[in-house]
Each structure stands twice: as C-alpha cells, then as structure tokens.
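Worksheet: the structure to be examined is printed underneath.
Please read all numbers here as calculations on a predicted model, not as lab measurements. Proteins get letters first, then strands, A, B, ... in listed order; numbering begins at 1 in each.
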Number of protein chains: 2
Amino acid sequence: MRNKDCRGHLWWHGRFRGCGYRITLAREAILEVLSRANQHLSAEDIYIKVHPMYPNIGLTTVYRTLDVLVDLGLVFKFDFGDKRARYELAEGPKGAHHHHHLICTNCKRVIDYTDFIDEEVELLNQTEKGLSKKYNFMITNHLIQFYGLCDKCNNKK
Amino acid sequence: MRNKDCRGHLWWHGRFRGCGYRITLAREAILEVLSRANQHLSAEDIYIKVHPMYPNIGLTTVYRTLDVLVDLGLVFKFDFGDKRARYELAEGPKGAHHHHHLICTNCKRVIDYTDFIDEEVELLNQTEKGLSKKYNFMITNHLIQFYGLCDKCNNKK
DNA sequence: ATTATAATGAAAATGGTTGTCATTAACAAT
DNA sequence: ATTGTTAATGACAACCATTTTCATTATAAT
Ligand SMILES: [Mn+2]
Ligand SMILES: [Mn+2]
Ligand SMILES: [Zn+2]
Ligand SMILES: [Zn+2]
C-alpha cells in the first residue's frame, strides 16, 4: 500500500516515462506480481498470477513487458537450467537487495544468498575496474552462480 | 599429433570407458573439433566443422555427445544470451586453463580472461566453503560472467 | 476532443533442442 | 576371427519457450 498513490505515482513511473514508455494496466499488474513474488518467476508463472487482476492479458504482453523491464534494469533475467527464463525484481522501492544464487543441478532449486556478499562485491569492483581498463570494456553487470547438489539431493544418493 | 596413438589411447578414453561409454568415430570427431576450437562453439557450429572428417554425422548425435561430455565434466556449456548453447572444452590434456567471461550485451562478443583469476578463485573457495556449510550444499562448480559493452559497441554510440 | 503512435492480444511462425525407432557399430565373450 | 549383447547412431517428427505478425485498442501529448 505504500508507494501506491491511486495510479500515476508508483516509484517506477518516472523511469518509465523518462524513457518514452507508456504506463499501462498490463505493466502495472506485471510489476505488482513481480514485487509480491519471493521466488524466481517464469513468464508463464507471471501470466498466471496476473490473470486474477487482469484476465485478458496475453502471454505475449508478459514477454514484451519483461523485455522492457530488463532493458530498463528494473528486472533481472536468469537461466537456472530448467529451460525457461526466470525473472526477478532488481530492487524494490526500499532499495537494492543484492544477492547471488546457489543452484541445485539435480532438482533445480535455487537459493538466494547474501552471505559473503561484501567480500565478493569488493573483489568484483576491483576486477571490474581492472578488466574495464585492460579490455576497454564498459562493465554494467555481473553474474555469479554456484552449482551443486542441495542437501536433499545429496542425501538421496 | 601428441596424445594420439592410432585410435584407443587418447587422453579422454580412460574416462569414457570408466563410465561405461563407448568410444566412437562421432565422439572422436566431436572432441577433435572441440580441442581445435579457440572460440565458443554452438552445437550447429560443431556439426558443420565435423562434416569434413565425418560427413554422415547427425545433429542429434552432436547434441547427445555434448550432453555426455558435459556430464563427464569434460566440456562446459554456456549461455551467452544469443539463444543457443555454447560449448567449450573444460581442459586439454596439458591441464586446465581456468578462465571466466566478459560478454558484450550488444554484439554478443565473448572475451576469455584470466586476469584476477587467482584472487577470484581464492575468494570463491572461501565462499564455497562457507556456503557449503551454511546451506548444506555440495558445490561442484561456479559461473562468473561480466556483462557490458565492448570497445567497438561502446564507441559506436 | 483530436491525433499520433505505442501497446495489446490472438494466432501463427520460429528454431533450438529433444524424443522415437529402426538400423548400425562397439566390444566383451567365445 | 566370429558371435551376441546392447549402446550409439541418424533420419525424422515432435516439443515448446519465445518471437513475429497484424489488426485493434489505449495512452498521452496537443
Ligand atoms: Mn534471487
Ligand atoms: Mn571461454
Ligand atoms: Zn536439489
Ligand atoms: Zn560489442
């Protein structure tokens, strides 16, 4: 209920308009679902969750909106190895919640972790700086994932 | 010409037989292509490159062989965002050549880098140890990628 | 209210990857 | 070297997440 001021004043509206994008019901609904979610949703997951509040939405629109959100940097798109893209809000209104992922290659379970993030971010910054210089590359983002077997899958063997 | 002893003595044969896999012409050809490649090949790239030395190979076999190789840990499978999987030999006979990737989100160019690898690996080991303990997760692998704009794409704007 | 055009949704198309199945090849046993 | 067992192969079809098309609708500037 915070940051919602009867249409037209959500935190991301500014960013949208600034880039020439229009604010639509479909986009509001999709962002609403994303901000409520605590898992990593697929396009179809979102499509289904949006239905109750906007029954006429098309899956195509979900895909297109997600593209826009990824472009704007509001949403991250991931490949966790289960054959479909997974999406996650980059940051809520209250600020970023930077984390990386631990992925079970057997059951595809994904764990968000923030432990050790400080040291990681520190090293990443240094590395990014060095790489930018050496390869004349403008780094905008990074991806860190650990793969292995979760407790359940490990015990099962 | 090293490590090749007239069929039956390539460095990876042991690993293959140990797991009950048979050694076939198709597999030899695919591994040959992979070990000669200095880029990141797609399944179709491999299919095309294998043709001259083995014209009857099917694309299906390429996919299946790659699955086996990934399973055995001889090959890494990557998603660089160009809609097709990319494959790379994990290590040659002379030993590993551990590196990470720098990916241009515009032109999809991929740069292998080994700079800072030592520090990264150091931190990764620590992190892996901590995460393994906390989440009871058996970590077997990691993925680190930096995204951004390469020099050409950056200047173009 | 008018207008320009971005956004939408239904449907079809795309294309990388996987499944099917009859045939062939690898290799252990003889 | 020959045979038998069965993994591997390749042609082809199927799968399915994602994209394209296009006529219609909604947004927002004027
Ligand atoms: Mn996450
Ligand atoms: Mn590489
Ligand atoms: Zn698991
Ligand atoms: Zn580029």
Side-chain angles (χ1 to χ4, degrees), chain A residues 6-10 12-31 33 40-48 50-51 53-72 75 77-87 108, chain B residues 6-10 12-31 33 40-48 50-51 53-72 75 77-87 108:
Chain A
C6 211
R7 198 88 200 289
H9 300 85
L10 288 173
W12 49 270
H13 284 193
R15 187 91 90 104
F16 251 68
R17 289 203 230 270
C19 294
Y21 290 117
R22 294 179 180 176
I23 287 143
T24 67
L25 279 172
R27 289 169 174 178
E28 302 230 38
I30 289 167
L31 263 160
V33 164
H40 307 90
L41 304 176
S42 68
E44 197 180 358
D45 289 339
I46 294 167
Y47 173 67
I48 289 166
V50 164
H51 252 142
M53 67 180 105
Y54 187 162
N56 280 346
I57 199 168
L59 182 54
T60 312
T61 298
V62 175
Y63 276 107
R64 279 187 295 226
T65 300
L66 287 169
D67 281 347
V68 169
L69 294 172
V70 169
D71 255 8
L72 289 176
V75 163
K77 180 178 182 177
F78 290 102
D79 168 24
F80 293 142
D82 68 339
K83 318 270 182 198
R84 67 199 60 199
R86 296 277 168 181
Y87 300 86
K108 313 297 180 197
Chain B
C6 211
R7 197 92 198 287
H9 300 84
L10 288 173
W12 49 271
H13 284 191
R15 186 91 87 106
F16 251 69
R17 288 203 231 271
C19 294
Y21 290 117
R22 293 180 180 175
I23 287 144
T24 66
L25 279 173
R27 289 169 174 177
E28 301 231 37
I30 289 167
L31 263 160
V33 164
H40 307 90
L41 303 176
S42 68
E44 197 180 356
D45 289 339
I46 294 168
Y47 172 67
I48 289 167
V50 164
H51 253 142
M53 67 179 105
Y54 188 163
N56 280 346
I57 199 167
L59 183 53
T60 313
T61 298
V62 175
Y63 275 106
R64 279 187 296 226
T65 300
L66 287 168
D67 281 348
V68 170
L69 295 172
V70 169
D71 254 8
L72 288 176
V75 164
K77 180 178 183 178
F78 290 103
D79 168 25
F80 292 142
D82 67 341
K83 318 272 181 198
R84 68 199 59 200
R86 297 277 168 180
Y87 300 86
K108 313 297 179 197

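A/I23 has its CD1 atom 11 Å from the P atom of C/dA7, to the nearest Å. Atom pair B/Y21:OH and D/dT6:C1' shows a separation of 15 Å (rounding to whole Å applied). Summarising the geometry, the separation between CG on A/L59 and C1' on C/dA11 is reported as 13 Å, rounded to the nearest angstrom. Spacing between atom CZ of B/R84 and atom C1' of D/dT18 amounts to 14 Å, rounded to whole angstrom units. Distance, A/D67 CG to D/dT19 C1': 9 Å, rounded to whole Å. Rounded to a whole Å, the CZ atom of A/F16 is 15 Å from the P atom of C/dA6. Taking atom CG of residue A/L25 and atom P of nucleotide D/dT25, one finds them 16 Å apart after rounding to whole Å. For the pair A/I46 CD1 and C/dG9 P, the computed distance is 15 Å after rounding to whole Å.
For B/A26, counting side-chain heavy atoms from C-beta on, the closest listed nucleotide (D/dT9, C/dG9, D/dT18) is D/dT9. Here the nucleotide nearest the side chain of B/R64, chosen from D/dT9, C/dG9, D/dA28, is D/dT9.
A 4.5 Å side-chain heavy-atom check between B/I46 and B/L66 finds at least one atom pair inside the cut-off.
Residue B/T24 places none of its side-chain N or O atoms closer than 4.0 Å to OP1 or OP2 of D/dA7. For C/dT17, the OP1/OP2 oxygens have a side-chain nitrogen or oxygen of B/Y63 closer than 4.0 Å. The phosphate of C/dA6 has neither OP1 nor OP2 within less than 4.0 Å of any side-chain N or O from A/R22. The shortest distance between the side-chain N/O atoms of A/K83 and the OP1/OP2 oxygens of C/dT18 is below 4.0 Å. The phosphate of D/dG10 (OP1 or OP2) has a side-chain N or O of B/Y54 nearer than 4.0 angstrom. Within the structure, every side-chain polar atom (N or O) of A/R17 is placed at least 4.0 Å from both OP1 and OP2 of D/dT27. Phosphate contact (OP1/OP2 of C/dA7, side-chain N/O of A/R27, threshold under 4.0 Å): present.
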Verify side-chain contact (heavy atoms from CB on, under 4.5 Å) between B/T60 and B/Y47, making sure each step is shown before the conclusion. CA-CA 9 Å; B/T60 313; B/Y47 172 67; over 6 Å; no
B/H13 vs B/E28, test: side-chain contact (heavy atoms from CB on, under 4.5 Å). Steps then yes/no. CA-CA 9 Å; B/H13 284 191; B/E28 301 231 37; 3.8 Å; yes
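Remark: the backbone N or O of B/F80 is not paired with any side-chain donor or acceptor of B/R86 at under 3.5 angstrom.
Between B/V62 and A/Y87, the residue anchored closer to the 5' end of DNA chain D is B/V62, taking for each the nucleotide with the nearest heavy atom. Each of B/T60 and B/D82 has a nearest nucleotide on DNA chain C; the 5'-most of these lies closest to B/D82.
Aromatic ring orientation, B/F16 versus B/W12: perpendicular (interplanar angle above 60°, classes split at 30° and 60°).
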